[in-house]
Amino acid sequence: MNKPMELTGKRALVTGGALRIGKAITLALQAAGAEVVVHYRHSEAEARSLSPFSVQADLESMEDCTRLMKEAGSLDILINNASIFTKDTLAPATPERVRQEFNVNLFAPMELTRLFAAQAREGAIVNLLDRRIRANDPTCLPYSISKKGLEELTKLAALELAPGIRVNAVAPGPILPPPGNSGENFRELAGTIPLDLLPTPDHIAEAVLFLLQADYCTGQVIFVDGGQHLLGNGV
Ligand SMILES: NC(=O)c1ccc[n+]([C@@H]2O[C@H](COP(=O)([O-])OP(=O)(O)OC[C@H]3O[C@@H](n4cnc5c(N)ncnc54)[C@H](OP(=O)(O)O)[C@@H]3O)[C@@H](O)[C@H]2O)c1
């Protein structure tokens with residue numbers, strides 16, 4: 001029987017690791033024995049309450065990405081979780097709005113991956129995608145493009161960084177509504193999902209931990225969406 005990658009004593013960076021899904025991933029990694037550097041942008045108090053290691057950075061800025069990786073120290077694990085979600089169709093998607101979303105959701109994960117690979121000969125990366133990568137949802141156009149791009153980065157980086165570093169991804173279905181959204185539409189959705197319930201942040205953390213420990217998997221995407229991606233635009 002193969003021994004899965006041991007997480008005890010490993011040092012992990014979780015971007016946006018202080019709240020919501022990022023917090024569930026931080027707690028799951030800590031429960032598995034890893035030391036977690038919690039990255040935050042605004043949620044300083046929450047980050048500090050979770051870990052003695054926390055670093056502030058605005059992932060719109062590539063200079064901040066460089067500083068974040070320096071201050072995070074020597075890492076074994078990188079979780080690209082932080083993200084911006086904007087309901088923008090093409091018309092209101094000005095270059096500035098698109099740049100912000102692409103920077104945080106795609107260019108920062110790419111830069112952090114590059115810097116991680118420069119400092120770690122061995123390790124594992126997990127990117128947080130969205131089940132929308134298998135649909136075409138024009139109501140959040142820049143977000144969808146950024147997550148589809150991050151799926152491609154997952155596969156290309158998996159090839160380039162093998163055999164030392166594995167790169168995988170988790171694609172959640174709707175879990176937590178964005179701030180300001182009551183979640184009513186999420187509850188209505190539940191009845192249309194093949195597995196008939198919404199996922200929780202812990203479902204996502206479980207899949208992240210599985211991929212970190214699955215030491216013969218790279219370039220994989222696990223959909224944690226109750227089968228929703230199988231329906232494409234159907235829900
Ligand atoms: N929620 C869902 O239902 C859902 C569904 C599908 C996919 N996903 C994916 O799963 C991941 C986690 O989802 P979530 O809803 O928990 O994420 P979220 O709350 O929308 O964002 C996570 C964190 O990203 C950080 N962030 C945002 N802009 C930033 C910037 N410019 N620089 C640095 N950090 C920034 C924020 O940190 P601070 O709080 O510190 O400012 C925020 O707490 C995301 O990648 C998302 O796309 C989520």
Side-chain angles (χ1 to χ4, degrees), residues 11-23 25-26 29 35-88 90 92-120 123-130 132-133 140-154 156-158 160-161 165 167 169-170 172 176 178-180 208:
R11 189 168 167 96
L13 170 63
V14 181
T15 67
L19 300 178
R20 293 161 55 94
I21 295 171
K23 177 178 177 179
I25 296 170
T26 294
L29 278 164
E35 191 172 81
V36 181
V37 181
V38 178
H39 154 265
Y40 64 94
R41 180 180 53 162
H42 295 313
S43 303
E44 179 175 359
E46 292 86 347
R48 286 181 187 273
S49 73
L50 285 174
S51 170
F53 314 103
S54 58
V55 182
Q56 196 281 338
D58 182 348
L59 299 183
E60 279 184 40
S61 147
M62 297 305 116
E63 289 75 31
D64 270 27
C65 290
T66 306
R67 183 180 50 75
L68 168 60
M69 287 305 276
K70 266 204 192 114
E71 292 182 12
S74 175
L75 297 170
D76 307 290
I77 291 167
L78 168 64
I79 311 293
N80 284 309
N81 165 77
S83 153
I84 302 181
F85 174 80
T86 314
K87 276 270 177 195
D88 263 352
L90 189 57
T94 59
E96 181 55 19
R97 298 253 292 254
V98 173
R99 189 192 58 77
Q100 283 177 339
E101 203 138 330
F102 281 16
N103 274 8
V104 177
N105 297 359
L106 178 58
F107 297 150
M110 187 153 145
E111 182 60 0
L112 296 178
T113 297
R114 198 177 69 80
L115 295 168
F116 178 87
Q119 62 103 63
I125 299 174
V126 178
N127 295 321
L128 272 289
L129 308 179
D130 189 300
R132 283 186 180 83
I133 59 172
C140 44
L141 184 136
Y143 173 82
S144 292
I145 296 174
S146 68
K147 291 295 181 177
K148 288 181 186 209
L150 190 53
E151 179 187 18
E152 295 308 314
L153 173 67
T154 302
L156 293 167
E160 182 169 337
L161 303 183
I165 297 174
V167 188
V170 175
L176 299 169
V208 169

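Note that these values count all heavy atoms, side chains included, but never hydrogens, waters or copies made by symmetry. This is a predicted model, so every value here is computed, not measured.
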*Taking it one step at a time, do Ser83 and Lys147 satisfy side chain to side chain contact (heavy atoms under 4.5 Å, CB included)?*
CA-CA 10 Å; Ser83 153; Lys147 291 295 181 177; 3.9 Å; yes
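- Tyr143 pairs with exactly one of Asp130, Asn105, Asp88 by the side-chain hydrogen bond (donor to acceptor under 3.5 Å, both in side chains) rule, that one being Asp130.
- When the shell of 6.0 Å around CD of Glu160 is examined, it contains 12 or fewer heavy atoms from other residues, nucleotides or ligands.
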_Please evaluate residues Gln56 and Arg67 with respect to the criterion side chain to side chain contact (heavy atoms under 4.5 Å, CB included), reporting the C-alpha separation (whole Å), side-chain torsions for both, the decisive distance (0.1 Å), and the verdict._
CA-CA 9 Å; Gln56 196 281 338; Arg67 183 180 50 75; 3.8 Å; yes
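- The side-chain heavy atoms of Arg132 and Cys140, taken from C-beta on, include a pair separated by under 4.5 Å.
- If you check the side chains of Ser146 and Glu101, you find no donor sitting under 3.5 Å from an acceptor.
- A pairwise comparison of heavy atoms in His39 and Thr15 identifies ND1-CA, 3.4 Å as the closest pair.
- Rounding to the nearest 0.5 Å places CZ of Arg97 at 12.0 Å from CG of Leu141.
- For the pair Gly16 and Ala82, the tightest heavy-atom approach, listed with the atom from each and the gap, is N-CB, 3.7 Å.
- The two residues Ala117 and Ile165 make their nearest non-hydrogen contact at CA-CD1, 3.7 Å.
- The shortest non-hydrogen separation linking Ile77 to Leu29 is CD1-CD2, 4.5 Å.
- Residues Thr86 and Gln100 have side chains not in contact (no heavy-atom distance under 4.5 Å, counting atoms from C-beta outward).
- Using a 4.5 Å cut-off on side-chain heavy atoms (C-beta onward), Ile25 and Leu128 make contact.
- Atom SG of Cys65 sits about 10.0 Å away from atom CZ of Arg114, to the nearest 0.5 Å.
- Under the 3.5 Å distance criterion, the side-chain polar atoms of Arg20 are matched with a main-chain donor or acceptor of Leu176.
- Here Leu59 contributes atom CG and Asn103 contributes atom CG; the two are 9.5 Å apart, rounded to the nearest 0.5 Å.
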*Could you check Thr113 against Leu161 for side chain to side chain contact (heavy atoms under 4.5 Å, CB included), going step by step and ending with a plain yes or no?*
CA-CA 10 Å; Thr113 297; Leu161 303 183; 3.9 Å; yes
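- Here the side chains of Val126 and Ile79 are in contact, with some heavy-atom distance below 4.5 Å.
- At least one side-chain heavy atom of Leu112 sits less than 4.5 Å from a side-chain heavy atom of Asn80.
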I'd like a table of donor-acceptor pairs (distance under 3.5 Å, sequence neighbours excluded) in which one partner is a side-chain atom from residues 40-47, with atom names and distances.
from, atom 1, to, atom 2, distance (Å)
Glu44, OE2, Arg48, NE, 2.8
Glu44, OE2, Arg48, NH2, 3.0

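- If you take CG on Asn127 and CG on Leu150, they are separated by 4.0 Å, rounding to the nearest 0.5 Å.
- Side-chain contact check for Glu111 versus Thr66: some heavy-atom pair is nearer than 4.5 Å.
- Remark: of the listed residues Leu50, Val36, Leu78, Val208, Val36 is the sole one forming a side chain to side chain contact (heavy atoms under 4.5 Å, CB included) with Val14.
- Every residue two or more places apart in sequence or in another chain was checked for a ring-ring contact (aromatic ring centres under 6.0 Å, His included) with Phe107, and none qualifies.
- Rounded to the nearest 0.5 angstrom, Gln119 CD and Leu75 CG are separated by 5.0 Å.
- Taking Asn81 as the reference, nothing meets the side-chain hydrogen bond (donor to acceptor under 3.5 Å, both in side chains) condition, with sequence neighbours excluded.
- Under the 4.0 Å criterion applied to side-chain N and carboxylate O atoms, Glu151 and Lys148 are not assigned as salt-bridge partners.
- Residue Glu35 holds its CD atom at 9.5 Å from CG of Asp76, rounded to the nearest 0.5 Å.
- Here the closest heavy-atom approach between residue Val38 and residue Gly17 is recorded as CG1-C, 3.5 Å.
- For Lys70, the NZ atom sits in a loose shell: 12 or fewer heavy atoms of surrounding residues, nucleotides or ligands are nearer than 6.0 Å.
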